[in-house]
Number of protein chains: 2
Amino acid sequence: MKTRKLSDFELEVLQQLWRLEQATTPEVHKQIAAKRDVKYSTVRTIVDRLEQKGAIERLPQAGRAVVFRPLLSRKDVSLPMTRRFVDRVFGGDSRPLLSHLLGNEPLNTEDLDYLESVIARRKKDLADDD
Amino acid sequence: MKTRKLSDFELEVLQQLWRLEQATTPEVHKQIAAKRDVKYSTVRTIVDRLEQKGAIERLPQAGRAVVFRPLLSRKDVSLPMTRRFVDRVFGGDSRPLLSHLLGNEPLNTEDLDYLESVIARRKKDLADDD
DNA sequence: AATTTAAATCTACACTTGTAGAACTTATCT
DNA sequence: AGATAAGTTCTACAAGTGTAGATTTAAATT
């Protein structure tokens, strides 16, 4: 899973591909152009670069428009990128990030309950270990 | 607080400045060169760019070597970067990031207790609100 | 003072990224 | 079939980034 570095724009296109499971460049363009003003050929360039980087592949079938689908899963991308981010911005210590997110991101009761359960599990693991 | 975008390397230098509070380029270079092989002039270029971007400033005093210190705090940088990261990689939803970090980052009992307390506070806020 | 050394400044360059125009190729619609 | 539209491919380019050599300047040492 040779996850070469992906640019902002490449990530944005990949997000769309994850959402749609697979799509043509015009489809991806339509999605993104709904938010930002960007030309078709620009999106197409990004799609090509994603293909070159091995992050997506084209499905051979349909004749005219090329259908692409992701080769990398969300996790393939998010795990290494999270690691990198914590290193770059927090010097490797994820705790300030955690408390910031827990303290400020929009979370409902259900979310909080779930996160609490994750902590509980961690605690149990710690207890079991020694 | 015009936080222009900072590159990886710029962030790395800034981390050192935060750690040291203030430092000369040779000092920063020594720190970074301890981990990676990088030339003095390379680090100096990055320092100059940080200065141009207004992220650091030079202290006028000492005659020969120029001392720099950060103009941006860790939070000035980490808050907007975290936002951007969550948007880029998780499409704006921080919950998968939270559960990943809580479930996998190295955390000791004390850390977990503290994070639990943050959650507890959030829950109370929710209860008070309605 | 003359020499060595440390640091600063200047210049350069290849690669990546965002951005898109122009030209060519199919389909599609009268 | 001819014209229009939709999509693909090719080419380009400025800004940003990582990287560093060469040159100049200032400080320290003999």
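Chain naming here is simple, since letters A, B, ... match the order of the sequence lines and numbering starts at 1 in each. All of these numbers come straight from a predicted model, not from anything done at the bench.
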Write down the distance between CG (Asp37(A)) and P (dG18(C)), rounded to a whole number of angstrom.
16 Å
Ignoring backbone atoms, establish whether Thr42(B) has a side-chain N or O less than 4.0 Å from OP1 or OP2 of dA20(D).
yes
Assign each of Val38(A) and Lys5(A) to its nearest nucleotide of DNA chain C by heavy atoms, then name whichever residue's nucleotide is nearer the 5' end.
Lys5(A)
Whichever of Phe9(A) and Pro26(B) has the more 5' nearest nucleotide on DNA chain C, that residue is Pro26(B)
Between dT19(D), dT17(D), dA20(D), which nucleotide gets closest to the side-chain atoms of Ile46(B)?
dT19(D)
Are side-chain heavy atoms of Phe68(A) and Thr25(A) found at a separation under 4.5 Å?
yes
Integer-rounded Å distance: dT17(D) P and Lys39(B) NZ
22 Å
Below 3.5 Å between N/O atoms, which protein atoms pair up with nucleotides 9-15 of chain D? Just atom names and distances, please.
residue : atom : partner  : partner atom : Å
dT9(D)  : OP2  : Arg44(A) : NH2          : 3.1

Can you give the donor-acceptor pairs under 3.5 Å from side chains of residues 79-90 of chain A to other protein atoms, not counting sequence neighbours?
residue  : atom : partner   : partner atom : Å
Thr82(A) : OG1  : Ser78(A)  : O            : 2.7
Arg83(A) : NH1  : Glu105(B) : OE1          : 3.4
Arg83(A) : NH1  : Glu105(B) : OE2          : 2.7
Arg84(A) : NH1  : Asp8(B)   : OD2          : 2.9
Arg84(A) : NH2  : Asp8(B)   : OD2          : 3.4
Arg88(A) : NH1  : Asp8(B)   : OD1          : 2.5

Determine whether Arg122(A) and Leu107(B) make a side-chain contact, defined as any pair of heavy atoms from C-beta on separated by less than 4.5 Å.
yes
Which listed nucleotide (dG18(D), dA8(C), dT17(C)) is nearest to the side chain of Lys53(A)?
dT17(C)
Contacts to DNA chain C from residues 14-25 of chain B, heavy-atom cutoff under 4.0 Å, which residues?
Thr25(B)
Ignoring hydrogens and angles, tell me if any N or O in the side chain of Arg74(A) forms a donor-acceptor pair with the backbone of Trp18(A) under 3.5 Å.
no
Can you measure Leu11(A) atom CG to dT17(C) atom P for me and round it to whole angstrom units?
11 Å
Side chains of Asp48(B) and Thr45(B): is there a donor and an acceptor less than 3.5 Å apart?
no
Determine whether Ile46(B) and Arg49(B) make a side-chain contact, defined as any pair of heavy atoms from C-beta on separated by less than 4.5 Å.
yes
Send over the distance from Asp8(B) CG to dT16(C) C1', rounded to a whole Å.
12 Å
With a 4.5 Å heavy-atom cut-off, do Thr42(B) and Phe9(B) have their side chains touching?
yes
Kindly work out whether a path of hydrophobic side-chain contacts (I/L/V/M/F/W/Y, heavy atoms less than 4.5 Å apart) joins Val118(B) to Leu97(A).
yes
Just how far, in rounded Å, is C1' of dA20(C) from CD1 of Ile32(A)?
15 Å
Side chains of Arg95(B) and Ser99(B), heavy atoms from C-beta outward: is any pair under 4.5 Å?
no
Let me know the distance between CD of Glu12(A) and P of dT17(C), rounded to the nearest Å.
15 Å
Atom CG of Leu50(B) and atom P of dG16(D) are separated, to the nearest Å, by 14 Å
Out of dT8(D), dG21(C), dT17(D), minimum distance to the side chain of Glu10(B) belongs to dT17(D)
Using whole Å, what does the distance between atom P of nucleotide dC15(C) and atom CD of Gln52(A) come to?
14 Å
